[in-house]
Q: 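Just passing along the structure, written as C-alpha cells.
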Amino acid sequence: MNDFWSGVGVDLRLEPDSADGRRVGLERALRDAVRDGRLTPGTRLPATRRLATDLGISRGTAKAAYDQLVAEGYLTARQGSGTRVAELPAVDAETPQAHARARAPRHDLRPGGPDVGAFPAAAWLRALRRAIATAPSLAYDYGDPRGRIELRTALSGYLGRARGVLAPPERIVVTSGYVQGLALLTRVLGGAAVAMEDPGLPFHRDVVRHNGGTVLPVPVDTRGVRPEELGEAAAVVVTPAHQYPTGVTLHPERRRALTDWARARGGLIVEDDYDGEFRYDRQPVGAVQGMAPGQVVYLGTASKTLGPALRLGWMVLPPHLVDAVAEAKLHSDHHTETIGQLALAELIDSHAYDRHVRACRLRYRRRRDQLLGRLGARRSVRGVAAGLHALIEVPDEAEVLARAEAEGLALGALGEHWHTPHAGRPQGLVVGYGTPRERAYPEALEALAKVLEPPR
Ligand SMILES: Cc1ncc(COP(=O)(O)O)c(C=O)c1O
C-alpha cells in the first residue's frame with residue numbers, strides 16, 4: 001500500500017503499517033481530510049476499483065472503508081453520482097481540527113515563535129536518553145520547587161558565559177516558561193504597581209493583572225524604556241537586549257538610570273531576556289542583571305532557542321526573593337516537570353545547546369537579511385539586528401492588514417501592543433521572520449512584499 005496518495009487533489013497520508021490495518025488507515029486519512037476541510041463537500045471520490053489499484057489494496061478493503069464513512073455521515077453514495085464528500089453540519093468550533101484551521105494561515109509571519117522545524121530533535125533525544133539512563137530513581141519523586149540541581153548548575157555556567165548573568169544555582173528557580181516566572185513574581189509582589197513597557201506584549205500585561213498586579217504603562221523611545229517616567233511603580237518589566245516589539249536596545253545611559261532608580265527607590269527590575277542570544281551585528285549585549293544582581297530578577301526561556309512546547313524557563317533572583325518565589329512555585333505546581341529539566345541540563349553540559357543556538361543565529365540572521373533585501377530601502381525596518389522579529393513602519397496599519405488577510409498572510413500589528421491605543425500613534429507591522437518553516441519562508445516574504453506594495 002502506498003504511503004501518500006493524491007488521487008483526489010489533496011495529499012493524504014496513509015499509514016499502511018498501522019496496527020489497525022489498511023482499511024482503518026484509509027478511513028482515518030479520509031475522515032481527517034473531510035474534517036479539516038482538505039476534502040470539501042461535493043468532491044467526488046474515485047471508484048473503489050481505481051482507488052484499490054492506486055493504493056495497492058483489495059477492492060473489498062476500499063469498499064469497506066467507503067461504506068464505513070458513508071455510515072458515519074462523512075461521505076454519501078448515490079447510484080449514478082458515485083461517492084462524494086458529504087455536507088457536514090456546522091463545524092464544532094471546539095474540535096482540534098477547527099482550532100488548527102483557525103490558527104493556520106497560508107503564510108505565517110506572526111511574531112513570537114521560533115522556527116519549530118529547527119528543533120534539534122536528535123540532540124534532544126540523545127539528551128533525554130542519557131538523562132533517563134543516569135537519573136536516580138528519586139528523580140521520579142517530588143523534588144525541589146526551585147528545580148533540579150543539575151539544570152540549575154548547568155544554567156549557572158551557561159548564563160554567566162553567554163549572558164553575563166551572575167547566577168549561583170541556589171538563586172535560580174526553574175519555571176514553566178517565562179510566563180510562569182512573571183506570574184509567580186507578581187503574586188509575591190502582592191498587588192504592587194508593575195510598570196510595563198508601552199508598547200509591549202498585551203498577553204504579559206494580562207498575566208500581571210490575572211495575578212493581582214496593577215499595570216502601569218512606561219513609555220519606550222528609540223533608546224528603550226524611559227526610567228524617568230516610572231512614577232510610583234514598585235517593579236518594572238523590561239526587555240533590554242531587544243525591546244519587544246520596537247526592537248531597540250536599552251541605551252547604556254538608560255541601563256544606568258534604571259539601576260540607579262532601583263537602588264534609590266528600592267524598586268525591582270524584571271529583565272525579560274527572551275531572545276538575548278540572537279544578535280547579528282555584534283556580540284550580544286550582556287544582561288542588566290550583571291550590573292545589579294541585587295535589584296534585578298532575570299528571566300530567561302527555552303521558547304526561542306528550542307521551542308515553546310518545552311515550557312522551560314528560569315528565573316535568577318536577588319537573595320531576598322528566593323524563598324518567597326520558591327514557595328509560590330511550590331503552591332502553584334510543586335515544580336516544573338523533571339525529565340525535561342534533566343534533558344536540558346544534558347544539552348547544555350554537552351555543548352549541544354550552544355551549537356544549536358549558534359546554528360539558529362546563522363539561520364535567523366540570514367532570514368533577517370533576506371527580509372531587508374526583499375523589502376529594499378523603500379521600507380523602514382526599525383530596531384537593531386537581533387531576535388526573531390522586525391518592526392516595519394507603515395502609514396496605515398489597518399489597510400495593510402486587510403490586504404494581508406486577503407493574501408492569507410498573518411502578521412502582528414504594532415497597534416495591539418499599546419496600553420491605550422489611540423489615533424496618532426506610530427503605525428507598524430510586527431513581522432516574525434523566525435516563525436515559518438525554512439521552505440515556506442521565501443513564499444511568505446513574497447506575500448509580505450506584495451501586501452506592502454502600494455495599491456495602484
Ligand atoms: C517578549 C517576550 N517575552 C517572553 C517570551 C517567552 O515566553 P514563554 O517562555 O512563556 O514562552 C516571549 C515569547 O513569545 C516574548 O515574546
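Both backbone and side-chain heavy atoms feed into the values below; hydrogens, waters and symmetry mates do not. When a ligand or atom number is given, it counts from 1 through the structure's own listing order. This chain uses plain numbering: 1 for the first residue, then up along the sequence.
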Q: Quick check on ligand 1: any N or O pairs to the protein under 3.5 Å? One line per pair.
A:
from, atom 1, to, atom 2, distance (Å)
ligand 1, 3 (N), D272, OD1, 3.3
ligand 1, 3 (N), D272, OD2, 2.6
ligand 1, 9 (O), Y178, N, 2.7
ligand 1, 9 (O), T301, OG1, 2.6
ligand 1, 9 (O), S303, OG, 3.3
ligand 1, 10 (O), Y178, N, 3.2
ligand 1, 10 (O), V179, N, 3.0
ligand 1, 10 (O), R311, NH2, 2.9
ligand 1, 11 (O), S303, OG, 2.6
ligand 1, 11 (O), R311, NH1, 3.0
ligand 1, 14 (O), G112, O, 3.3
ligand 1, 14 (O), K304, NZ, 3.2

Q: Please check this pair: side chain of Y433 against backbone of G387, looking for a donor-acceptor N/O pair closer than 3.5 Å.
A: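 Checked: pair present.
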Q: Give me the ring orientation class for H335 and Y142: parallel if the planes are under 30° apart, tilted from 30 to 60°, perpendicular past 60°.
A: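 Perpendicular: the ring planes of H335 and Y142 meet at over 60°.
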Q: Please list, one pair per line, the donor and acceptor atoms closer than 3.5 Å that link side chains of residues 317-326 to other protein atoms, with sequence neighbours excluded.
A:
none

Q: Would R366 and D369 count as a salt bridge (charged side-chain N to carboxylate O under 4.0 Å, His left out) here? Give the steps.
A: CA-CA 5 Å; R366 201 174 54 237; D369 290 346; over 6 Å; no
Q: Output every pair passing ring pair (Phe, Tyr, Trp, His ring centres under 6.0 Å) with a member in residues 188-237, not counting sequence neighbours, ordered by first then second residue.
A: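 Found Y178-H204.
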Q: Would you give me the side-chain donor-acceptor pairs under 3.5 Å for residues 255-266, sequence neighbours excluded?
A:
from, atom 1, to, atom 2, distance (Å)
R255, NH1, G286, O, 3.3
R255, NH2, G286, O, 2.8
T259, OG1, R255, O, 3.2
T259, OG1, R256, O, 2.9
R263, NH2, M291, O, 3.2
R265, NH2, G231, O, 3.3

